[in-house]
Asks: 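Structure incoming, see below.
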Amino acid sequence: MFKAIQINKDDQGYRAELTQLDDSALPEGDVTVKVHYSTLNYKDGLALTGKAPVVRRFPLTPGIDLVGTVESCSSEAFAVGDTVLLNGFGVGEVHSGGLAQRARLNSDWLIPLPEGLSGQQAMSIGTAGYTAMLCVQALQRNGVTPDQGDILVTGANGGVGSFAIGLLSRLGYRVIVSTGRPEEADYLKQLGAADIIERRLLSEPGKPLQKEQWAGAVDSVGSHTLANVLAGTRYGGTVAACGLAQGADLPATVMPFILRGITLAGVDSVMRPKADRLAAWKQLAELVDAEMLAGITREIGLEQVIETASDLLAGKVRGRIVVALD
Ligand code: NDP
């Protein structure tokens, strides 16, 4: 038997519970993993609370991230004892995931734990940090360099936001952040924020073209915020969009695109091909250090996952939550 969170939806309603399962509850897959760490991302919060239809098969164990040791593998891909990392691929949505002491997965979804990171550190980064890295790489690919001007990060205290600040500042960019929690200024500055603006300045409807303020942006908020971010981006700049913390709508005009040549770079982490994942994790391992990760991360046990999920969706969690399974 092993401990797991399980989500059910039936005539008693939608509910997440901490329970004991045996191996017969594990889904199909060619690798069985003893899970050491998982995380809580925004998507896990939605799954655990049922606030959005993230989970599409029941019963299901949520958890879109995990690090664990291979216990058995029927393909050539991994050997017993290998430490592996998983982010996304529908795990925690349609296939049981990391918020359990055991998981059965498809070996195509796994990558080896990146060199230089412990399992706990990889989960401190998790999908949020890996997505922040993909966003930063999108800016780099589009030729946004530190000498072109400031980079704006929205949703600054969140998982994606915190990592975007830390990664960009380590790469030499000057980072402006927008937040609804200016009382966290010390935390944000410690991560590398040079300037802080209040998020209400971006979250209301604004003009289609505004003063050119930043050379690029990492946006995990969407909606009016993203529209205003685009409207304030300097000529030729790039905005990497990955999230919807304010909303999934985009009430913008084409003006920033046709008059300022702005690029809107969409970033998906879930189905990202393996080569991109490996490149993102390689750069993450080079850029982050133990001090940065410790400052961003709080560790909890499986017992605290359900209550913490509600706090996360209420915007009360700062940085990242790691879930220890051992
Ligand atoms: P978090 O909950 O950790 O952070 C979200 C942050 O957004 C909050 O901390 C808060 O920052 C800000 N925020 C919350 N509500 C609002 C609001 N109503 N208006 C404006 N800002 C708000 O989530 P994550 O960082 O894990 O994820 C952020 C977003 O990115 C989510 O929408 C998630 O689904 C998406 N995402 C997408 C991925 C992809 O593959 N495309 C992968 C990972 C995440 P503050 O208090 O500083 O204002």
Side-chain angles (χ1 to χ4, degrees), residues 39-49 51-54 62-65 87-93 123-138 152-167 175-189 191 193 196-205 217-229 240-250 264-273 276-277 280 296-298 308-322:
T39 69
L40 270 191
N41 292 278
Y42 192 86
K43 194 183 268 176
D44 301 313
L46 294 174
L48 284 154
T49 58
K51 284 215 169 120
V54 166
I64 66 172
D65 289 326
N87 310 110
F89 277 123
V91 173
E93 301 180 65
M123 285 295 92
S124 166
I125 296 168
T127 286
Y130 150 59
T131 302
M133 190 73 254
L134 292 172
C135 289
V136 171
Q137 290 180 333
L152 175 70
V153 173
T154 61
N157 279 291
V160 174
S162 294
F163 272 97
I165 299 165
L167 296 170
V175 185
I176 310 178
V177 307
S178 115
T179 180
R181 287 181 273 176
E183 67 276 14
E184 297 288 359
D186 287 348
Y187 166 76
L188 298 169
K189 284 185 178 157
L191 280 174
I196 298 174
I197 58 176
E198 287 209 29
R199 84 174 179 211
R200 64 180 167 74
L201 298 175
L202 293 172
S203 58
E204 301 297 324
V218 173
D219 177 65
S220 59
V221 170
S223 192
H224 289 292
T225 300
L226 178 54
N228 286 318
V229 169
C242 71
L244 42 60
Q246 183 181 3
D249 56 331
L250 179 51
L264 178 55
V267 172
D268 166 62
S269 68
V270 179
M271 301 309 292
R272 200 76 179 206
D276 291 358
R277 289 171 188 262
I296 290 178
T297 311
R298 180 158 67 92
T308 311
S310 302
D311 290 346
L312 187 125
L313 291 193
K316 293 185 195 157
V317 169
R318 187 184 82 181
R320 295 275 300 146
I321 301 288
V322 168

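Numbering starts at 1 and runs along the sequence shown. Indexing begins at 1, ligand by ligand and atom by atom, following the structure's order. Basis for what follows: all heavy atoms, side chains included, without hydrogens, waters or symmetry-related copies.
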Asks: Taking side chain as C-beta onward, heavy atoms only, is T154 less than 4.5 Å from Q246?
Replies: no

Asks: If you apply the rule side-chain contact (heavy atoms from CB on, under 4.5 Å), what do you find for L40 with V317, and how did you get there?
Replies: CA-CA 10 Å; L40 270 191; V317 169; over 6 Å; no

Asks: Is the closest heavy-atom distance from T225 to ligand 1 below 4.0 Å?
Replies: no

Asks: At under 4.0 Å between heavy atoms, is it the side chain or the backbone of V177 that contacts ligand 1, or both, or neither?
Replies: neither

Asks: State, with a plain yes or no, whether a side-chain heavy atom of I196 is found less than 4.5 Å away from one of K189.
Replies: yes

Asks: Write out the residue and atom name of the closest protein heavy atom to atom 28 (C) of ligand 1, then the distance separating them to 0.1 Å.
Replies: S220 CB, 3.8 Å

Asks: Side-chain contact, heavy-atom cut-off 4.5 Å: L264 with L226?
Replies: yes

Asks: Taking only heavy atoms of L244 into account, list the atoms of ligand 1 that are under 4.0 Å away from them.
Replies: 32 (O)

Asks: Based purely on interatomic distance, does V267 place a nitrogen or oxygen under 3.5 Å from a nitrogen or oxygen of ligand 1?
Replies: yes

Asks: Could you tell me whether R199 approaches ligand 1 through its side chain, its backbone, both or neither, with non-hydrogen atoms closer than 4.0 Å?
Replies: side chain

Asks: Work out which heavy atom in H224 is nearest to a heavy atom in S203; give both atom names and the distance.
Replies: CB-O, 3.3 Å

Asks: Does atom CZ of R272 have more than 12 heavy-atom neighbours from other groups under 6.0 Å away?
Replies: yes

Asks: Does R181 come within less than 4.0 angstrom of ligand 1, counting non-hydrogen atoms of the residue?
Replies: yes

Asks: If you define the side chain from C-beta out and look only at heavy atoms, does anything of T131 sit under 4.5 Å from N41?
Replies: no

Asks: Starting from atom 37 (C) of ligand 1, locate the nearest protein heavy atom and write down its residue, its atom name and how far away it is, to 0.1 Å.
Replies: C242 O, 2.9 Å

Asks: A side-chain contact here means heavy atoms from C-beta on lying under 4.5 Å apart; do C242 and V160 qualify?
Replies: yes

Asks: Just to confirm my output: which protein heavy-atom neighbour is closest to atom 25 (O) of ligand 1, and how far is it?
Replies: V160 N, 2.8 Å

Asks: Counting non-hydrogen protein atoms only, what is the nearest one to atom 26 (O) of ligand 1? Give residue, atom name and distance.
Replies: Y42 N, 3.5 Å

Asks: Evaluate the side-chain contact (heavy atoms from CB on, under 4.5 Å) criterion for residues I197 and L152: first the C-alpha distance (whole Å), next the side-chain angles of each, then the deciding distance (0.1 Å), finally the verdict.
Replies: CA-CA 10 Å; I197 58 176; L152 175 70; 4.1 Å; yes

Asks: Do the side chains of L191 and V177 get nearer than 4.5 Å, heavy atoms only?
Replies: no

Asks: Using the rule given for side-chain contact (heavy atoms from CB on, under 4.5 Å), can you reason through R298 versus T308, listing the C-alpha separation, both sets of side-chain angles and the distance that settles it, and then say yes or no?
Replies: CA-CA 11 Å; R298 180 158 67 92; T308 311; 4.0 Å; yes

Asks: Verify side-chain contact (heavy atoms from CB on, under 4.5 Å) between T127 and K43, making sure each step is shown before the conclusion.
Replies: CA-CA 10 Å; T127 286; K43 194 183 268 176; over 6 Å; no

Asks: For T127, take its heavy atoms, then give the atoms of ligand 1 lying under 4.0 Å from any of them.
Replies: 42 (C), 43 (C)

Asks: For atom 19 (N) of ligand 1, what's the nearest protein heavy atom and its distance?
Replies: Q246 CB, 3.5 Å

Asks: Tell me, which protein residue and heavy-atom name are nearest atom 4 (O) of ligand 1, and how many Å apart are they?
Replies: G158 CA, 3.1 Å

Asks: For ligand 1, does T131 get within less than 4.0 Å through its side chain, its backbone, both, or neither, judged by non-hydrogen atoms?
Replies: side chain

Asks: For ligand 1, which atoms sit closer than 4.0 Å to a heavy atom of S269?
Replies: 39 (C), 40 (O), 42 (C)

Asks: Note the single closest protein heavy atom to atom 3 (O) of ligand 1, along with its residue, its atom name and the distance in Å.
Replies: G159 N, 3.0 Å

Asks: Tell me which one of L244, D219, L250, L201 satisfies side chain to side chain contact (heavy atoms under 4.5 Å, CB included) with T225.
Replies: D219

Asks: Using a 4.0 Å heavy-atom threshold (strictly under), name the region of V221 that reaches ligand 1: side chain, backbone, both or neither.
Replies: side chain

Asks: Below 3.5 Å, N or O to N or O, backbone or side chain included: is there any such pair between V317 and ligand 1?
Replies: no

Asks: Tell me, please: is G315 in heavy-atom contact with ligand 1, that is, under 4.0 Å?
Replies: no

Asks: Say whether, by atom type as modelled, one donor and one acceptor occur between the side chain of Y130 and the main chain of S269 under 3.5 angstrom.
Replies: yes

Asks: Can you find an N or O of S178 that's nearer than 3.5 Å to an N or O of ligand 1?
Replies: no

Asks: Against heavy atoms of G155, which atoms of ligand 1 measure under 4.0 Å?
Replies: 6 (C), 7 (O), 11 (O), 12 (C), 47 (O)

Asks: May I ask which of S203, A245, G129, G243 has a heavy atom nearer to atom 7 (O) of ligand 1 than the others do?
Replies: A245

Asks: Heavy-atom contacts with T179 under 4.0 Å: which atoms of ligand 1 show up? List them by number with element.
Replies: 45 (P), 46 (O), 47 (O), 48 (O)

